J.: 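Let me begin by handing over the structure; questions about it come next.
Quantities reported herein were computed from a predicted structural model and do not represent experimental measurements.
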Amino acid sequence: MRFFKDLSLSAATAGFVAVLVGFTSSVALVFQAAQAFGATPAQITSWMWALGLGMGLCSLVPSLLLRQPVMVAWSTPGAAVLAAAGATGGFGMAEAVGAFMACAVLIALAGATRWFERVMNRIPMEIASALLAGVLARFGMQAFAALQTALPLVLVMLATYLLSRRLLPRYAVMLTLGAGIAWAAAAGQMHWSAVHLELARPVFTAPAFTFQAFMSLALPLFIVTMASQNLPGVAVMRATGYQLPVSRLITMTGLATLVLAPFGAFALNFSAITAAICMGPEAHPERERRYTAAAVCGLLYVLVGIFGAVVTGLLTAFPQELVVAIAGLALLGSIGGGLASALAGEDHREAALITFLVTLSGVVIAGIGSAFWGVVAGSAALLVQQYGRGRRPGRV
C-alpha cells in the first residue's frame, strides 16, 4: 500500500504532535461547554467519542483518497460560544443538540453553494500568508513565554531542537518531543493519575428545535466556525501550496456534524494550527508525502474517540508548558514561511503587515475572532491602496 511507503517517522511524529496540541489546548473548553448544558459524565464521554470519531474519519479518509493532508478539528471558538451561552441556564442538552444540527445544515449549505470558496479565492496569497503567520505566531510566543514557569524543561527542548535542526533536521520535532517527555518524567511532572481505563460509549440525545436556540446557539456557532476556523484553515492550505476541494470538504464536515450531533459533535471544521504542523516541511520535506501526517492524526483522533477516558488521560498527563513549547517549536518553519511569503512583494506588504498584526492581536469583536478581522483589515487596506493607484486588487 502506497501509504506505508510514503509514511515516515517525521510524519508520524507530526501527526501525534498535532493531536497532542489540538486536544490538550482546548479539551477543557469542550468539557465546560458540555457541562454548561447540564451534561452527565456519560454524555461528556459521548461528546469525546463523537468529536474524536468525526475529526478522525474526516481527516483520515479524505487524506488517503486525495493524497493531500486534510485536517479537521472541532470548533474551539464554537466551544467558547456554547460555554458562554449555556452558562445562562436557558438551554438544556436537547436544545443544544438541535442547535448543533441546525449549524451543521448551514455549514453543509455553505459548502454545497460554494459561496465560501468563492470568497476565499478573492483573497490575495500575501493576505492569506499573513493570516497564517498571525494565527501561528501566538503559539510561537507562548513557547518562549513558558520559560517563565518551566525554565529547565523549555531550555532542554529548545537546545534539543536547535541541535537536531543542525544534525538531523527531519527528526527535530520528534527528538525535541522525546527530550521534553524524558525531562518531564524525570522531574515528576507527568500527571499519570489522570489516566483511567475506560472505553467511551455513545449516548443519544433527541434534539429539540427552538427559535431561541437557533438564534442564541446555532447562528453564533456557525458564524464563528466559518470566520474563526474555516477561514484560517483555508489560508493554511493556500499558503502551504495545497489546492484542495474546499467546498466539498466543507460539505463533508457539515454532514458529519449533522450525523454525530445527537451524540455531542457540536461543529467540525478545518483546523489551522494543527494543519500547519502536518502541512509544513517538518512533517516531511516532500510535499506530496505529508498526507501521511494528516492520516496518522486522523487515526489517532479515532482512537481518542473510541478509548475516550484512557487517551484523554494520557494526553492531559503532559505538562502544559511541554505542550505549548512543542507546538511553538514545531510551527517555527510555518511562521517563517508565512511571513516571508506575506512580505515578499512590495505592492501587498503594508496590507499583509496589517493583516498579520490584527490577527496576532487576538482582538474579538462581536464574538468573532481576530483571524476574520485580520483579513477584513488587510483587504480594506489593499483596496484603498490599489484603488488609490487606479488598479484593481489582485486575486489569488
J.: Evaluate the side-chain proximity of Ile250 to Phe270: yes if any heavy-atom separation is below 4.5 Å, no if none is.
T.: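 With C-beta onward as the side chain, the pair touches.
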J.: Looking at Thr240 and Met237, would you say the former's side chain and the latter's main chain have a donor-acceptor pair under 3.5 Å?
T.: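 Side chain of Thr240 to backbone of Met237: a pair is present.
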J.: Kindly compute the distance separating CG (Leu231) from CE (Met226), expressed to the nearest 0.5 Å.
T.: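 Rounded to the nearest 0.5 Å, the CG-CE separation comes to 8.5 Å.
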J.: Given 3.5 Å as the limit, does a donor-acceptor pair link the side chain of Ser46 with the main chain of Ala42, or not?
T.: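 No; judged by distance alone, with no hydrogens or angles, the pair does not exist.
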J.: Within the side chain of Glu95, is there an N or O that forms a donor-acceptor pair under 3.5 Å with the backbone of Gly92?
T.: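 Yes; at least one donor-acceptor contact below 3.5 Å.
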J.: Is it the case that the ring center of Trp49 lies less than 6.0 angstrom away from the ring center of Phe307?
T.: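 Centroid distance Phe307-Trp49: not below 6.0 Å, so no.
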J.: Taking the six-membered ring for Trp, are the ring centroids of Trp74 and Phe266 within less than 6.0 Å of each other?
T.: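 Ring-ring flag for Trp74/Phe266: false, centres at least 6.0 Å apart.
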J.: So, taking the atom named CE in Met93 and the one named OG1 in Thr40, what distance separates them when rounded to the nearest 0.5 Å?
T.: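 OG1 of Thr40 is found 7.5 Å from CE of Met93.
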J.: Do the side chains of Tyr171 and Met157 join up, straight or via other hydrophobic residues, at under 4.5 Å, putting them in one cluster?
T.: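 In one cluster: no.
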J.: Kindly say whether Leu268 contributes a backbone atom to a donor-acceptor pair with the side chain of Thr257 at under 3.5 angstrom?
T.: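 Judged by distance alone, yes, a pair lies under 3.5 Å.
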J.: I'd like to know if the side chain of Asn269 reaches the main chain of Thr225, judged simply by a donor and an acceptor atom lying under 3.5 Å from each other, with no hydrogens or angles considered.
T.: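 Flag not set: sc Asn269 to bb Thr225 has no pair under 3.5 Å.
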J.: For Ser379 and Val376, indicate whether the former's side chain and the latter's backbone hold a donor-acceptor pair under 3.5 Å.
T.: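 Answer holds: no.
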J.: Go through it in stages, so that I can follow the logic: the residues are Leu106 and Leu221, the test is side-chain contact (heavy atoms from CB on, under 4.5 Å), and I'd like the CA-CA distance, side-chain angles, deciding distance and then a yes or no.
T.: CA-CA 10 Å; Leu106 293 176; Leu221 179 60; over 6 Å; no
J.: Does a side-chain heavy-atom distance below 4.5 Å link Pro62 with Leu244?
T.: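 In short, these two side chains do not touch, never coming nearer than 4.5 Å.
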J.: For Arg287, is there any backbone N or O sitting under 3.5 Å from a side-chain donor or acceptor partner on Tyr242?
T.: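 Flag set: sc Tyr242 to bb Arg287 pair under 3.5 Å.
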J.: Same cluster or not: Tyr161 versus Leu168, using hydrophobic residues (I, L, V, M, F, W, Y) connected whenever any side-chain heavy atoms lie under 4.5 Å apart?
T.: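 Tyr161 and Leu168: separate clusters.
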J.: Using ring centroids (six-membered ring only for Trp), state whether Phe214 and Phe209 fall under 6.0 Å.
T.: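 Not under 6.0 Å, so no.
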J.: What orientation do Phe37 and Trp47 show, parallel under 30°, tilted 30 to 60°, or perpendicular over 60°?
T.: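 Tilted: the ring planes of Phe37 and Trp47 meet at 30° to 60°.
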J.: Are the side chains of Phe100 and Leu260 in touch, meaning some heavy atoms are under 4.5 Å apart?
T.: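 They are not in contact (no side-chain heavy atoms under 4.5 Å apart), so the answer is no.
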J.: Do Val224 and Val72 sit in one hydrophobic cluster, given that two such residues count as connected whenever their side-chain heavy atoms are within less than 4.5 Å of each other, even indirectly?
T.: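 Cluster IDs for Val224 and Val72 differ.
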J.: Working to the nearest 0.5 angstrom, can you tell me the gap between His348 NE2 and Ile127 CD1?
T.: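 Answer rounded to 0.5 Å: 7.0 Å.
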J.: Looking only at heavy atoms, what is the nearest atom pair of Ala200 and Gly305, with distance?
T.: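 Shortest heavy-atom separation between Ala200 and Gly305 comes out as CB-O, 3.2 Å.
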J.: Are any of the side-chain heavy atoms of Leu360 and Arg138 separated by less than 4.5 Å?
T.: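 Yes, their side chains come closer than 4.5 Å.
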J.: Any chance you could lay out the side-chain contact (heavy atoms from CB on, under 4.5 Å) test for Phe4 and Thr292, step after step, and finish with the verdict?
T.: CA-CA 8 Å; Phe4 293 106; Thr292 57; over 6 Å; no
J.: Between the side chains of Ser75 and Gln229, does any donor sit under 3.5 Å from an acceptor?
T.: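 There is no such pair (donor and acceptor under 3.5 Å, judged by atom type) between the side chains of Ser75 and Gln229.
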J.: Any link between Leu332 and Met174 through a network of hydrophobic side chains (Ile, Leu, Val, Met, Phe, Trp, Tyr) touching at under 4.5 Å?
T.: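 The answer is no; the residues belong to distinct hydrophobic clusters.
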J.: Is the closest side-chain heavy-atom distance between Phe116 and Val234 below 4.5 Å?
T.: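 The answer is yes; the side chains approach within 4.5 Å.
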J.: Check whether any side-chain N or O of Thr274 sits under 3.5 Å from a backbone N or O of Ser271 as a donor-acceptor pair, and report yes or no.
T.: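 No; judged by distance alone, with no hydrogens or angles, the pair does not exist.
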J.: Between Met71 and Cys297, does a side-chain contact (heavy atoms from CB on, under 4.5 Å) hold up when you go through it step by step?
T.: CA-CA 8 Å; Met71 295 290 291; Cys297 177; 3.5 Å; yes
J.: Which heavy atom in Met120 sits nearest to a heavy atom in Arg238, and how many Å separate them?
T.: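 For Met120 and Arg238, the tightest heavy-atom pair comes out as CB-NH2, 4.4 Å.
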J.: Main chain of Val363, side chain of Trp373: is a donor-acceptor contact present, judged purely on distance under 3.5 Å?
T.: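 Judged by distance alone, no pair lies under 3.5 Å.
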J.: In terms of heavy-atom contacts, does CZ of Arg349 have more than 12 from other residues, nucleotides or ligands at under 6.0 Å?
T.: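 Atom CZ in Arg349 is packed in, count exceeds 12.
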J.: Of all residues at least two apart in sequence or in a different chain, which pass the salt bridge (Lys or Arg N to Asp or Glu O under 4.0 Å) check with Glu350?
T.: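 With sequence neighbours excluded, Glu350 shows a salt bridge (Lys or Arg N to Asp or Glu O under 4.0 Å) to no residue whatsoever.
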J.: Please answer whether the main-chain N or O of Leu131 pairs with a side-chain N or O of Thr355 as donor and acceptor at a distance below 3.5 Å.
T.: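 Answer holds: no.
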J.: Does the side chain to side chain donor-acceptor pair (under 3.5 Å) test come out yes or no for Asn121 and Arg114, once each step is laid out?
T.: CA-CA 11 Å; Asn121 286 339; Arg114 299 177 63 86; over 6 Å; no
J.: Has Gln148 got more than 12 heavy atoms of other residues, nucleotides or ligands less than 6.0 Å from its CD?
T.: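 Open.
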J.: Look up atom CG in Leu258 and atom CD1 in Ile107, then write down how far apart they are to the nearest 0.5 Å.
T.: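 Here the rounded value is 10.0 Å.
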J.: Which heavy atom of Leu331 sits nearest a heavy atom of Ala276, and at what distance?
T.: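 Closest pair (atom of Leu331, atom of Ala276, distance): CD2-CB, 3.7 Å.
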J.: Could you state whether Met141 and Val323 fall into the same hydrophobic cluster, counting links through intermediate Ile, Leu, Val, Met, Phe, Trp or Tyr residues with side-chain heavy atoms under 4.5 angstrom apart?
T.: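 Linked within one cluster.
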